[in-house]
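Data block below; observations after.
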Amino acid sequence: MSPVTADDVQHAVRLAVATLRAAGAGADWDARAGSLEWTCWETVEHLADDLFAYAAQLGPERPPLDGEVPFVWEARRPGGPANVTYADRSAGAAGLLQVLEACGAMLTALVRVTPPDVRAHHVYGVSDPEGFAAMGVVETLVHTHDVAGGLGLTWAPPAGLCDRALRRLFPDAPTDTDRWTTLLWATGRGELPGRERLTSWRWHGAPGTCPADRASR
């Protein structure tokens with residue numbers, strides 16, 4: 001089974017940016033992003049902030065094992081996402097996507113240079129660089145789905161990218177179903193034949209949670 005890599009993060013973010021750029025000058029970035037309560041603009045800011053935050057967890061010489069690096073997260077409206085990073089609205093959609101690119105590049109770089117035995121805190125459990133890479137890929141794929149729905153765009157990421165992320169973070173998800181449909185199901189965004197729709201979900205970022213690792217122990 002192939003691991004999730006820095007190249008996967010880079011590829012996911014580049015695909016997302018290219019898709020969202022196709023929205024054009026007339027796109028309504030204040031439209032609701034799919035089933036979320038956030039706007040498309042807020043959702044891209046949240047995605048960028050996720051990528052930034054994952055990179056930040058890997059950044060210190062001694063990454064924290066019991067909490068987040070203590071940045072200040074603040075929401076700009078009740079019910080909006082609480083972020084460290086925000087895009088300058090006056091820079092328009094091009095500036096927003098540049099923020100997303102930059103934060104994706106930070107995570108790509110940190111995953112690429114961080115030794116695989118490094119561990120850092122995540123709310124769902126301590127994880128490793130591959131785990132944070134997989135988190136970045138999943139966040140990018142599913143939130144681009146949310147935003148694409150709000151903007152009327154088509155978004156269908158590569159099956160291999162979805163499969164690697166599923167196997168790393170969702171070890172109990174079925175392996176014989178369409179990969180993108182399964183990732184949407186695993187994150188509470190879609191139906192999967194023969195399975196109940198999920199109303200709550202979480203991933204498993206701890207090292208050694210994939211089936212191959214469990215079988216070898």
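Side chains included, hydrogens not; waters and symmetry mates left out as well; all remaining heavy atoms used.
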Residue pair [X] / [Y], side-chain heavy-atom distance below 4.5 Å:
X: Pro157; Y: His145; result: no
X: Gln57; Y: Pro64; result: yes
X: His121; Y: Asp66; result: no
X: Leu58; Y: Pro63; result: no
X: Pro158; Y: Arg164; result: no
X: Thr175; Y: Arg167; result: yes

Roughly how far, to the nearest 0.5 Å, is [atom2] of [Y] from [atom1] of [X]?
X: Ser127; Y: Leu169; atom1: OG; atom2: CG; result: 7.5 Å
X: Leu161; Y: His11; atom1: CG; atom2: NE2; result: 6.0 Å
X: Leu183; Y: Leu166; atom1: CG; atom2: CG; result: 5.0 Å
X: His122; Y: Glu68; atom1: NE2; atom2: CD; result: 7.0 Å
X: Thr182; Y: Arg195; atom1: OG1; atom2: CZ; result: 8.5 Å

Take Leu141 and Cys162, measure what side chain to side chain contact (heavy atoms under 4.5 Å, CB included) needs, and give me the verdict at the end.
CA-CA 8 Å; Leu141 300 187; Cys162 299; 3.9 Å; yes

Do you know the tightest heavy-atom contact between [X] and [Y]?
X: Ala16; Y: Thr140; result: CB-CG2, 3.8 Å
X: Pro116; Y: Asp128; result: O-CB, 4.0 Å
X: Gly80; Y: Ala75; result: O-CB, 3.6 Å
X: Leu192; Y: Pro174; result: CD2-CG, 3.6 Å
X: Asp146; Y: Thr43; result: CB-CG2, 4.4 Å
X: His204; Y: Pro171; result: CD2-CD, 4.1 Å

Are there over 12 heavy-atom neighbours, none belonging to Arg197, within less than 6.0 Å of that residue's CZ?
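Correct, the count exceeds 12.
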
Quick one: does any side-chain atom of [X] pair with a main-chain N or O of [Y] as donor and acceptor, under 3.5 Å?
X: Arg89; Y: Ala87; answer: no
X: Arg202; Y: Tyr124; answer: yes
X: Arg189; Y: Ala186; answer: no
X: Arg32; Y: Gly150; answer: no
X: Asn83; Y: Tyr86; answer: no
X: Trp201; Y: Thr187; answer: yes

Does one hydrophobic cluster hold both [X] and [Y], with members joined at side-chain heavy-atom distances below 4.5 Å?
X: Leu36; Y: Leu198; value: no
X: Val142; Y: Phe170; value: yes
X: Val138; Y: Val126; value: no
X: Trp41; Y: Leu20; value: yes
X: Val118; Y: Val69; value: no

Aromatic ring pairing Trp155/Trp180, orientation class (parallel under 30°, perpendicular over 60°, tilted between):
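Perpendicular: the ring planes of Trp155 and Trp180 meet at over 60°.
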
For residues 100-114, which side-chain N or O atoms pair as donor and acceptor with protein atoms under 3.5 Å away, sequence neighbours left out?
unit_1 : atom_1 : unit_2 : atom_2 : d
Glu101 : OE1    : Arg21  : NH2    : 3.1
Thr108 : OG1    : Gly104 : O      : 2.9
Arg112 : NH2    : Asp7   : OD1    : 2.4
Thr114 : OG1    : Leu110 : O      : 2.5

Between Trp29 and Val44, does a side chain to side chain contact (heavy atoms under 4.5 Å, CB included) hold up when you go through it step by step?
CA-CA 10 Å; Trp29 288 89; Val44 174; 3.9 Å; yes

Side-chain donor-acceptor distances from residues 46-55 under 3.5 Å, at least two apart:
unit_1 : atom_1 : unit_2 : atom_2 : d
His46  : NE2    : Asp50  : OD2    : 3.0
His46  : NE2    : His143 : NE2    : 3.3
Asp49  : OD1    : Val84  : N      : 2.8
Asp49  : OD1    : Thr85  : N      : 2.7
Asp49  : OD1    : Thr85  : OG1    : 2.9
Asp49  : OD2    : Trp73  : NE1    : 3.0
Asp49  : OD2    : Val84  : N      : 3.4
Tyr54  : OH     : Glu139 : OE2    : 3.4

Before you tell me yes or no, could you show the steps for Val99 and Glu45 under side chain to side chain contact (heavy atoms under 4.5 Å, CB included), namely the whole-Å CA-CA distance, both residues' side-chain angles and the distance that decides it to 0.1 Å?
CA-CA 8 Å; Val99 168; Glu45 285 184 323; over 6 Å; no

